[in-house]
Every structure is written in structure tokens, then in C-alpha cells.
Amino acid sequence: EELANVQPRTDEKEVLSNIAFLEGAPPLSEHWSVFDTNDAVFNAARTAQAATVIFVMGQNSQIEQLARYIHTLRRQRGTALKIVVRESVPSLRATDERLLLSCGANLVISHSSALSRCLTLIESIQNQQFSRRVPEDLATLFSNTEPLKLKGYQKWDVFCDAVQKIVNNPLLPADGKGVMVALRPAPGLRVEQALTLCRPHRMGDIATIADKRLVIFLSFCRVNDLDIALNHIFPLPTGDIFSNRVIWFEDKQIAAELVDMQDVKPERWTKPLPITTEPGKIINATHDGRHWRRYPEPRRLSADTGEQSS
Ligand code: C2E
Ligand code: C2E
Ligand code: C2E
């Protein structure tokens, strides 16, 4: 205790920043030191004590390295250091943000905040002591960002076990583990046919079928983002494929539904249709999460070579 008070905090006003943070602006005062890379920022920060350290995150491939840097600094340099991560292009999932914060970052700033807003946020953490506990073992923190190593269709019991494990994992955020949704196909469509339209991309997104319904678990998805996620997964609006849906997103709700699901006898599990070797593109369109974009195909209208246009 006493040591911490006696230690000089001469670098309290210093700012060690990745140059990209300033977006071309000059350093804002004599207290600012800028560096070309996050590696250089990290090296400078290894002797810092209470300075503000600013990393810039431009690609999700940097996330692991950045998490390591932050973890090292927080464990080695103590609680007075102010560690900030600025997202420069949209690349951080909510799980990534959580990872950086649990490694010891004080603040993660979204790409959508303008530079001036970032500076205000950085002001707001001056003289702040970092007070959360940072686990020594980084591997545990990493594994919590992708706890399910499964994707796509799973047999009913495998699905139930997987979701159960997630819901029972105390290291994952309470009531923030994901959304489970049960979908009943529109009349005329069988559930195994509906399953062929269900194509999860993200690791941790799993689906199963039984009892005339398709059940999907979307890892870490928040309930307000459910439609965005479903639009990524189905090539058609889900309202056209399903007539009814039920949603669970709190731990208790999911756990209770799992109990009912585990009672469904294997005779009622539905077998998926055999996988065709070449699924091929069904429609010439992409979905950006909100709207469909169809792409025109070039067609020649006459047999002319059409070379002599002027
Ligand atoms: P977004 O695409 O608008 O998605 C918003 C949120 O919806 C995501 O927040 C996530 O909670 C949920 N979501 C969307 N699609 C899926 C999905 O296929 N599976 C699951 N389980 N959830 C989904 P999150 O994760 O915080 O991501 C924020 C934004 O970051 C996304 O906004 C997107 O713009 C970008 N992003 C995240 N991961 C990727 C990725 O792997 N590829 C691309 N291209 N962008 C990504
Ligand atoms: P993944 O998590 O298995 O996701 C595979 C693909 O699903 C992504 O390919 C993307 O096409 C789609 N996808 C997943 N989530 C979203 C989303 O929220 N929005 C949109 N628009 N698409 C989504 P992509 O983008 O090529 O990424 C390949 C892999 O790179 C991902 O595999 C993941 O492991 C990693 N990755 C990409 N972006 C992020 C990110 O923002 N955060 C993290 N932690 N990993 C990411
Ligand atoms: P969006 O691209 O944002 O377009 C919104 C609305 O603007 C469209 O509503 C349509 O009324 C009008 N619009 C946009 N581009 C054009 C165009 O090139 N020609 C004409 N005549 N009108 C245009 P709409 O039709 O209800 O489409 C809603 C969304 O669906 C569009 O949003 C787009 O994301 C997608 N979409 C629909 N049809 C097409 C298409 O033929 N091509 C493409 N690329 N996307 C389409």
C-alpha cells in the first residue's frame, strides 16, 4: 500500500500513442509521444507508470497480439496506467471488446466516435485507478471468446449438450451468452427442408431439428441483433420461411427450455436431408445485414461485335 503512494507518478500527464490515433493531426501537446506501431507503443509503455497508453486497432487479426500487450502491461505496470484501445475501422465484436477489457484496458473506443469525442473520453479516465481483477492466465480469457467449437447442424442431443455447457459456464457473461430461437416452418415446408436454408457462417452458431421445429443457438448474439444475425444465416427473409418463432435469451429461460428439449425422445428427432455435393448459389444476391442486393448479369442483346462505338 505504502509503496504505491511513495512511488513517483511523474509520467501521469504523459501520453504514449499510436500515431494513427491522431488521424493526421499534430501531437496535441508536449506531453504527447507518438509511435508508428502498436509494438512501439508497447515497448515505450513497459517503463511507464501512470501514463495514458493509446493503441489503435484496425484489423481483427491484431486482436490477440493486442490482448497480450495489454495483459502484460496491466500485470507488470500496475493499476495507475491508463490503457486505451481505439478501433479505427469497424472490426471489433462485442466479445473482442470484452476480451480487451478483461485483459486490463480501461477503455475501448468505437470507430464511430470522432477524434474529439475520443479525447473527452480519455480525459474522463485521468487519475482513474484500474480496479478490476485481471486473471493471470491469458489462455482462459482467449478460450472464452469462442467457447463452442461447433458450427451448423448438430444432432438434437449434441445441440442440447453444447448449449447446456455454454449456459453453465460461469466465466461467460450472465444473460449474455447468446440467443436461442425455435422456428416453425410455414405451411407446406418441412423442417428438414427449412434446415437446408439455414447456413450459419460464424463459429459457435448451431442448429438442430425435431418435432417440426428448427432450433438455432447464436453464440453471443444479443436479442436486439437477432434479425441481423438471422438475415446473415438465411438467404430469404425468415418471415417467408417460418410462420412462428419463440426466443430465449436469459440464462434461466434457456436452461428451462433445455430441460424440455432433453425430454424429446430420439424417435421424434428429425433426420436432415442428405447433403447434396454442390449446393451452388441459389440466388444472385447478397444481404448486408439489413437489405438485399441483387447483382445484374451482363447480357448481350445483339450478335454485333459492337467494337465501333464512339
Ligand atoms: P452486424 O453485422 O450489424 O451484426 C451486429 C450483431 O449481430 C453482432 O455484433 C452479433 O451480435 C450479431 N450477429 C450478426 N451476425 C451474426 C452471426 O452470423 N452469428 C451470430 N452469432 N451473431 C451475429 P458483434 O458480434 O459485436 O459484431 C459487431 C459488428 O462487427 C457486426 O455488425 C459486423 O459489422 C462486424 N463483424 C463482426 N464479426 C464479423 C465477421 O466475422 N465478418 C465481418 N465481415 N464483419 C464482422
Ligand atoms: P467466423 O467467426 O467463423 O465467421 C465466419 C464468417 O461468417 C465471416 O467471414 C463472415 O463472412 C460471417 N460473419 C460472422 N459474423 C458476422 C457478422 O457479425 N457480420 C457479418 N457481416 N458477417 C459475419 P470473415 O469475415 O471472412 O471472417 C473469417 C474469420 O475471421 C471469422 O470466422 C473469425 O474467426 C475472424 N473474424 C472476422 N471478423 C472478426 C471480428 O470482428 N472479431 C473476431 N474475433 N474475429 C473475426
Ligand atoms: P436500396 O438500394 O437502398 O433502395 C431503396 C429504394 O430506392 C428501392 O426500394 C427503390 O424504390 C429505389 N431504388 C434504388 N435503386 C434503384 C434503381 O436502380 N432503380 C429504381 N427504379 N429504383 C431504385 P425497393 O425497390 O423496395 O428495394 C429495397 C432494397 O432491396 C434496396 O434498397 C436494395 O437493397 C434491394 N434491391 C431491391 N431491388 C434491387 C435490385 O434490382 N438491385 C439491387 N442491387 N438491389 C435491389
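If you read the sequence from its start, that first residue is 1, and numbering goes on from there. Every number for a ligand or one of its atoms is a count from 1 in the order of the listing.
Distance screen at 4.0 Å: atom 26 (O) of ligand 2 has no protein heavy-atom neighbour inside the cut-off. For atom 42 (N) of ligand 2, the nearest protein heavy atom lies closer than 4.0 Å. Contact annotation for atom 46 (C) of ligand 1: protein absent (non-hydrogen atoms, distance under 4.0 Å). Atom 38 (N) of ligand 2 is flagged as protein-proximal [any protein heavy atom, distance under 4.0 Å]. Atom 31 (C) of ligand 1 is not flagged as protein-proximal [any protein heavy atom, distance under 4.0 Å]. For atom 19 (N) of ligand 2, the protein comes within 4.0 Å by at least one heavy atom.
Under 4.0 Å from ligand 1, the heavy atoms of Asp205 that appear belong solely to its side chain. For His232, every heavy-atom contact with ligand 2 shorter than 4.0 Å involves the side chain, none the backbone. The residue Ser91 has no part lying near ligand 1, judged by heavy-atom distances below 4.0 Å. Under 4.0 angstrom from ligand 1, the non-hydrogen atoms of Arg93 come from both its backbone and its side chain.
Ring pair Tyr69/Phe55 is parallel by interplanar angle, where below 30° counts as parallel and above 60° as perpendicular.
Met203 and Ile206 fall into different hydrophobic clusters, where Ile, Leu, Val, Met, Phe, Trp and Tyr side chains are chained together by heavy-atom contacts under 4.5 Å.
Counting protein heavy atoms only, atom 9 (O) of ligand 1 is closest to Asp225 OD2, 4.2 Å. Among all non-hydrogen protein atoms, the one lying nearest atom 3 (O) of ligand 2 is Met203 N, 2.9 Å. Scanning the protein for heavy atoms near atom 34 (O) of ligand 2, the closest one is Glu146 OE1, 4.4 Å. The protein atom (non-hydrogen) at minimum distance from atom 29 (C) of ligand 1 is Leu92 O, 4.6 Å. Protein heavy atom closest to atom 10 (C) of ligand 1, with residue, atom name and distance, is Arg202 NH2, 4.1 Å. The closest protein non-hydrogen atom to atom 1 (P) of ligand 1 is Ile228 CG2, 4.0 Å. Shortest contact from atom 36 (N) of ligand 2 to any protein heavy atom: Asn60 ND2, 3.6 Å. Ranking protein heavy atoms by distance to atom 13 (N) of ligand 1, first place goes to Ala229 CB, 3.7 Å. Scanning the protein heavy atoms around atom 22 (N) of ligand 1, the nearest turns out to be Cys221 CB, 3.7 Å.
Taking 4.0 Å as the cut-off between side-chain N and carboxylate O, Arg245 and Asp227 count as a salt-bridged pair. A salt bridge between Glu192 and Arg190 is present, with a side-chain N of the basic residue lying under 4.0 Å from a carboxylate O of the acidic one.
Near Ser219, the atoms of ligand 1 lying under 4.0 angstrom from a non-hydrogen atom of the residue are 21 (N). Every atom of ligand 2 with a heavy atom of His201 under 4.0 Å away is listed here by number and element: 3 (O), 4 (O), 5 (C), 6 (C), 7 (O), 12 (C). Below 4.0 Å from some heavy atom of Leu218 lie the following atoms of ligand 1, by number and element: 21 (N).
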Review point. Could you go step by step and tell me if Gln65 and Asn38 meet the side chain to side chain contact (heavy atoms under 4.5 Å, CB included) rule?
Key: CA-CA 9 Å; Gln65 182 64 66; Asn38 284 339; over 6 Å; no
**Study point:** Gln59 and Ser91: CA distance, side-chain angles, deciding distance, side chain to side chain donor-acceptor pair (under 3.5 Å) verdict
**Key:** CA-CA 6 Å; Gln59 285 169 299; Ser91 54; over 6 Å; no
Practice item. Report the C-alpha distance between Val34 and Phe21 in whole Å, list the side-chain angles of each, state the deciding distance to 0.1 Å, and finish with yes or no for side chain to side chain contact (heavy atoms under 4.5 Å, CB included). Key: CA-CA 9 Å; Val34 295; Phe21 174 80; over 6 Å; no
Review point. Taking it one step at a time, do Glu87 and Ser113 satisfy side chain to side chain donor-acceptor pair (under 3.5 Å)?
Key: CA-CA 9 Å; Glu87 180 192 35; Ser113 297; over 6 Å; no
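Taken from CG in Asn106 to CZ in Arg74, the straight-line distance is 4.5 Å, to the nearest 0.5 Å. Distance check, rounded to the nearest 0.5 Å: CD of Gln262 to CD of Glu257 gives 10.5 Å. To the nearest 0.5 Å, atom CG of residue Leu138 and atom OG of residue Ser143 are 10.0 Å apart. Atom CG of Leu22 and atom CD1 of Ile54 lie 7.5 Å apart (nearest 0.5 Å). Distance check: Met57 CE to Asn18 CG gives 12.0 Å after rounding to the nearest 0.5 Å. Atom-to-atom distance recorded for Asn231:CG and Leu236:CG is 10.5 Å, nearest 0.5 angstrom.
For ligand 1, the polar-atom distance check against Ala94 finds a nitrogen or oxygen pair separated by under 3.5 Å. Residue-to-ligand polar distances keep Lys151 apart from ligand 2: every N/O pair is separated by 3.5 Å or more.
Between Thr145 and Arg93, the closest side-chain pair of non-hydrogen atoms is not below 4.5 Å.
At a 4.0 Å cut-off, not a single heavy atom of Pro90 sits close enough to ligand 1 to count as contact. Residue contacts with ligand 2 include Asp96, since one or more of its heavy atoms lies under 4.0 Å from the ligand.
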